[in-house]
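Read the structure below first, then the notes.
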Amino acid sequence: MDFKIEAMIGLFPILFKALGLTLKITFISTIISVLLGILVAVIRFFKVKVLYEITGLFVSFFRGTPLLVQLFLIYYGLPQVFPIFINMSAFTATVLGLSLHFSAYMAETIRGALSSVDKGQLEAGYSVGMNTIQVMVRIVIPQGIRVAIPSIVNISIDLLKSSSLAFTLGLADIMAKTQLEAASSYRFLESYLAVALVYWALVILLERVQKILEIRLNRGY
């Protein structure tokens with residue numbers, strides 16, 4: 001069967017209709033993973049008793065097991081043990097799985113960035129009467145985030161691509177639409193090439209966002 005570019009081009013309107021779901025999953029999961037990553041990073045940065053060991057186990061588990069296994073554990077496993085999860089939707093399970101998985105990576109990246117901030121700046125903050133929370137919010141975290149931006153965007157790009165696993169839980173994202181179109185038309189090359197180009201375009205857009213953020217956050221340094 002010959003490659004037909006018109007068949008590939010004809011797929012884009014179908015993929016664009018499902019693109020909103022992919023972007024929604026990616027956006028919500030990225031926000032949650034960054035916030036949770038900051039929380040875990042701060043706990044591990046200060047080595048808070050008990051929580052330090054718990055967050056260490058959290059990071060180890062979610063970095064040490066496949067994302068697909070984690071999604072299945074959350075969607076199919078949790079309802080068996082906790083009845084509150086019986087009515088959990090595939091969308092919620094996907095967002096929860098992606099958020100937990102990538103927050104573990106975010107936490108280690110942010111913790112490393114926080115450690116790069118000069119300790120003298122913490123002492124300077126304490127010397128002018130700031131408490132620990134104020135020192136972290138006003139001095140350490142802003143500088144640490146600036147250092148961590150390239151890694152955070154890289155993890156976000158990985159999260160975007162990993163959102164393609166949502167179709168394994170039954171969500172009709174762009175990957176699911178691609179699977180259906182490829183199976184019905186037998187145009188596998190055209191179908192997967194089209195979805196690859198969509199993901200590539202989104203990653204290029206994220207790289208542009210990264211450059212803008214780096215320029216803005218580096219002002220004054």
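Remember, it's a predicted structure, so these values are computed and weren't measured experimentally.
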(message) Looking at N131, I want to see if its CG is surrounded by more than 12 non-hydrogen atoms of other residues, nucleotides or ligands under 6.0 Å.
(response)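 Counting neighbours around CG of N131, more than 12 heavy atoms of other residues, nucleotides or ligands fall under 6.0 Å, so yes.
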
(message) Take a 6.0 Å sphere around CD of Q80 and say whether it holds more than 12 heavy atoms from other residues, nucleotides or ligands.
(response)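 Not more than 12 within 6.0 Å, no.
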
(message) Does either side chain, that of Y126 or that of T132, offer a donor lying less than 3.5 Å from an acceptor on the other one?
(response) yes

(message) Can a side-chain donor-acceptor contact be found between T65 and Q70 if the only test is distance below 3.5 angstrom?
(response) yes

Taking all non-hydrogen atoms of both residues, which atom of [X] and which atom of [Y] are closest, and how far apart?
X	Y	result
I174	L15	CG2-O, 3.2 Å
P79	I74	CD-O, 3.7 Å
A107	A41	O-CB, 3.4 Å

(request) To the nearest 0.5 Å, tell me how far S116 OG sits from L114 CG. (result) 7.5 Å

(request) Hey, could you give me each pair passing salt bridge (charged side-chain N to carboxylate O under 4.0 Å, His left out) that has a residue in residues 18-41? Not counting sequence neighbours. (result) none

(message) Can you list everything that forms a side-chain hydrogen bond (donor to acceptor under 3.5 Å, both in side chains) with E108? Sequence neighbours excluded, please.
(response) R44, R111

(message) Which residues pass the side-chain hydrogen bond (donor to acceptor under 3.5 Å, both in side chains) test with Y192, not counting sequence neighbours?
(response)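 If we apply the side-chain hydrogen bond (donor to acceptor under 3.5 Å, both in side chains) test to Y192, skipping adjacent residues, the hits are Q179.
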
(message) Taking side chain to side chain contact (heavy atoms under 4.5 Å, CB included) as the definition, give me every residue that meets it alongside A196, ordered by chain and number, with sequence neighbours left out.
(response)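 Expected list: none.
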
(request) Provide the full list of ring-ring contact (aromatic ring centres under 6.0 Å, His included) pairs with a residue in residues 80-100, sequence neighbours left out, each pair given once. (result) none

(message) Filter on side-chain hydrogen bond (donor to acceptor under 3.5 Å, both in side chains), then keep only pairs touching residues 166-178, sequence neighbours left out; what's left?
(response) none

